[in-house]
Amino acid sequence: MLTIDIDNDTCIRCGKCVRVCPAFIFTQEDPKAEIETTDIDNCIVCSHCVAACPTDSVIHSDFPMEKVHVLNRDILPRPEQLMELLHARRSNRAFLQKPVPEEYLDQIVKAAHLAPTASNGQEVAYTLITNPDLLRQISETTIDIFEGTVRMIKNPLLSPIIRLISPEAKEALPTLEHVIDKYKSGYDIILRNAKAVLFIHTPANHNFGRQDANLAYQNASLMAESLGVTQFYTGFVCASCDLDKKKRRLAKLLNIEGQVHAGMAMAMPAFKYPKYADRKDIQLTVFK
């Protein structure tokens with residue numbers, strides 16, 4: 001049973017818990033008045049209150065003291081260090097044959113898990129694959145789905161219907177055929193011989209599954225870059241999942257409950273990029 005209390009002997013009545021709580025559970029009638037709680041069943045278990053309290057006076061049943069840690073802000077990256085990491089992060093597809101160290105993969109998953117989620121639902125789950133045979137089956141399944149989609153688009157009976165319900169399908173046809181042709185010629189542009197793949201998924205009925213999963217992906221991608229692990233977004237695999245929502249072949253192959261929204265193929269880089277090039281000018285509109 002969820003409980004939230006205030007230790008009034010140590011509370012300095014700073015009101016920080018009142019200001020940060022998204023569920024308005026903490027109240028304070030006047031500055032320096034005692035903090036009170038209300039409607040604690042509305043708590044989304046985000047931990048903002050215990051993290052903000054300078055005197056450990058918020059007593060939350062889901063966050064006993066062994067689960068609350070002091071941040072070491074002295075080791076946080078400076079803005080220029082973070083910007084340089086962002087410049088360094090590329091979708092590198094030149095891989096070494098050696099596997100990604102398990103301790104690196106563990107840190108990448110942990111970083112993904114720290115990403116924010118809608119209403120702190122924390123319904124994001126992860127599937128990590130390093131088995132070569134299973135990685136090959138993922139590419140094969142993706143190609144099978146693409147081939148089925150191409151047949152549907154080209155079917156003279158189905159084509160008019162597809163144009164109505166999915167007008168972008170015809171535009172995707174050249175890309176799908178290109179990927180299929182490359183794969184059949186012995187060149188896998190689905191996973192590019194990656195040594196590990198991390199799929200990020202949520203329950204099928206989760207309203208913000210795609211958003212939550214892609215926030216997690218960004219965390220994982222930056223951690224991978226900091227560890228020297230090269231990676232790229234598995235866009236073709238994710239597209240195949242969208243095309244195959246009814247049959248859910250990839251999800252069944254990997255025993256995934258729910259919907260795959262994001263994926264990251266990983267390996268150790270054959271080389272590192274010594275330079276970066278400027279991107280196009282920022283398209284920014286500012287209202288003041």
Side-chain angles (χ1 to χ4, degrees), residues 85-86 88-118 121-143 145-146 179 183 188-204 206 208-245 248-270 272:
L85 178 66
L86 295 171
R89 188 248 173 266
R90 303 191 72 87
S91 296
N92 189 353
R93 295 169 174 83
F95 299 152
L96 294 176
Q97 290 302 309
K98 67 179 184 179
V100 180
E102 287 189 16
E103 61 270 25
Y104 287 6
L105 294 172
D106 182 58
Q107 289 188 70
I108 290 166
V109 174
K110 286 180 178 177
H113 185 57
L114 290 174
T117 57
Q122 298 188 46
E123 295 187 78
V124 182
Y126 306 89
T127 297
L128 178 65
I129 304 102
T130 57
N131 181 287
D133 289 336
L134 200 50
L135 291 171
R136 176 181 51 78
Q137 290 180 60
I138 291 168
S139 290
E140 289 178 351
T141 301
T142 301
I143 292 298
I145 294 168
F146 283 178
V179 173
Y183 191 81
D188 179 11
I189 62 176
I190 304 297
L191 295 183
R192 309 267 183 167
N193 297 313
K195 302 306 175 187
V197 173
L198 178 67
F199 287 119
I200 308 172
H201 44 93
T202 66
H206 184 38
F208 298 97
R210 193 176 298 272
Q211 292 87 342
D212 285 354
N214 281 287
L215 285 170
Y217 175 89
Q218 289 297 335
N219 269 26
S221 179
L222 290 176
M223 176 56 78
E225 192 65 43
S226 74
L227 292 166
V229 177
T230 190
Q231 82 284 167
F232 66 86
Y233 193 90
T234 59
F236 288 133
V237 182
C238 294
S240 75
C241 291
D242 288 340
L243 292 169
D244 195 47
K245 282 185 178 180
R248 300 182 65 253
R249 277 173 279 185
L250 182 70
K252 290 176 181 177
L253 173 67
L254 302 176
N255 293 317
I256 290 174
E257 295 291 336
Q259 182 71 24
V260 175
H261 295 293
M264 186 165 67
M266 295 173 282
M268 300 310 294
K272 293 184 179 180

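When a residue number appears, it is its place in the shown sequence, counting from 1. It should be emphasised that the depicted structure is a prediction, and the values quoted were computed from it without experimental measurement. All values below come from the heavy atoms of this structure, side chains included, with hydrogens, waters and symmetry mates left out.
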Inset, instruction - Name all residues meeting the salt bridge (Lys or Arg N to Asp or Glu O under 4.0 Å) criterion together with Arg249; count only those two or more places apart in sequence or in a different chain, and write none if there are none. - result: Asp244
Inset, instruction - List for me each residue that meets salt bridge (Lys or Arg N to Asp or Glu O under 4.0 Å) alongside Lys272, sequence neighbours excluded, and say none if there are none. - result: none
Legend entry - Pairwise side-chain contact, Leu128 with Val197, heavy-atom cut-off 4.5 Å (strictly under): no
Inset, instruction - Write down the atom of Asn92, the atom of Pro269, and the distance for their closest heavy-atom approach. - result: ND2-CB, 3.9 Å
Legend entry - Any Thr130 side-chain heavy atom under 4.5 Å of Leu105 side chain: yes
Legend entry - Heavy-atom closest contact (Val260 atom, Cys241 atom, distance): CB-SG, 4.0 Å
Inset, instruction - Measure the spacing between OG1 of Thr234 and CZ of Phe199 and express it to the nearest 0.5 Å. - result: 5.0 Å
Inset, instruction - Compare all side-chain heavy atoms of Arg210 with those of Asn214 and state whether any distance is below 4.5 angstrom. - result: yes
Inset, instruction - May I ask you to test the Ile200-Met264 pair for a side-chain heavy-atom distance under 4.5 Å? - result: no
Inset, instruction - Any pair with a residue in residues 211-236 that passes ring pair (Phe, Tyr, Trp, His ring centres under 6.0 Å), sequence neighbours left out, goes on the list, sorted by first then second residue, please. - result: Tyr217-Tyr233
Inset, instruction - Have a look at Ile190 and tell me which of Leu135, Thr141, Thr142 forms a side-chain contact (heavy atoms from CB on, under 4.5 Å) with it. - result: Thr142
Legend entry - Side chain to side chain, Gln259 and Pro203, heavy atoms closer than 4.5 Å: no
Legend entry - Crowding at CZ, Phe208 (>12 non-hydrogen neighbours, <6.0 Å): no
Legend entry - Donor-acceptor contact present, side-chain Ser221 to main-chain Gln218, <3.5 Å: no
Legend entry - Stepwise side chain to side chain donor-acceptor pair (under 3.5 Å) test for Gln122 and Thr117: CA-CA 6 Å; Gln122 298 188 46; Thr117 57; 5.6 Å; no
Legend entry - Euclidean distance, Asp212 CG relative to Glu123 CD, rounded to 0.5 Å: 8.0 Å
Legend entry - Spacing of Leu222 atom CG and Arg89 atom CZ [to the nearest 0.5 Å]: 7.5 Å
Inset, instruction - Over all heavy atoms of both residues, which pair between Ser240 and Ile145 is shortest? Give the atoms and the distance, please. - result: O-CG2, 3.6 Å
Legend entry - N-O pairing of Asp188 and Arg192 below 4.0 Å: no
Inset, instruction - Assess whether atom CD of Glu102 is packed by more than 12 heavy atoms of other residues, nucleotides or ligands within 6.0 Å. - result: no
Inset, instruction - Give the minimum heavy-atom separation between Met268 and Val229, together with the two atoms involved. - result: SD-CG2, 4.0 Å
Legend entry - Side chain Tyr183, main chain Ser139, donor-acceptor under 3.5 Å: no
Legend entry - Distance-minimising heavy-atom pair for Gln231 and Met266: CB-CG, 3.9 Å
Inset, instruction - Mind listing the closest non-hydrogen atom pair of Leu198 and Tyr126 along with its distance? - result: CD1-CB, 3.9 Å
Inset, instruction - Take Leu134 and Leu254 through the side chain to side chain contact (heavy atoms under 4.5 Å, CB included) test and state the conclusion after the steps. - result: CA-CA 9 Å; Leu134 200 50; Leu254 302 176; 3.9 Å; yes
Legend entry - Euclidean distance, Thr230 OG1 relative to Phe95 CZ, rounded to 0.5 Å: 5.5 Å
Legend entry - Stepwise side chain to side chain contact (heavy atoms under 4.5 Å, CB included) check, Val237 with Leu191: CA-CA 9 Å; Val237 182; Leu191 295 183; 4.2 Å; yes
Inset, instruction - Test side chain to side chain contact (heavy atoms under 4.5 Å, CB included) on His201 and Thr127 and set out the steps. - result: CA-CA 8 Å; His201 44 93; Thr127 297; 2.8 Å; yes
Legend entry - Main-chain N/O of Ala111 paired to Asn219 side chain as donor or acceptor, under 3.5 Å: yes
Legend entry - His261 vs Cys238 side-chain heavy atoms within contact, under 4.5 Å: no
Inset, instruction - Drop me the distance from Glu140's CD to Leu253's CG, to the nearest 0.5 angstrom. - result: 9.5 Å
Legend entry - Flag for Lys195-Gln97: side-chain donor and acceptor within less than 3.5 Å: yes
Inset, instruction - With the side chain counted from C-beta on, respond yes when His113 and Val124 share a heavy-atom pair under 4.5 Å apart, and no when they do not. - result: no
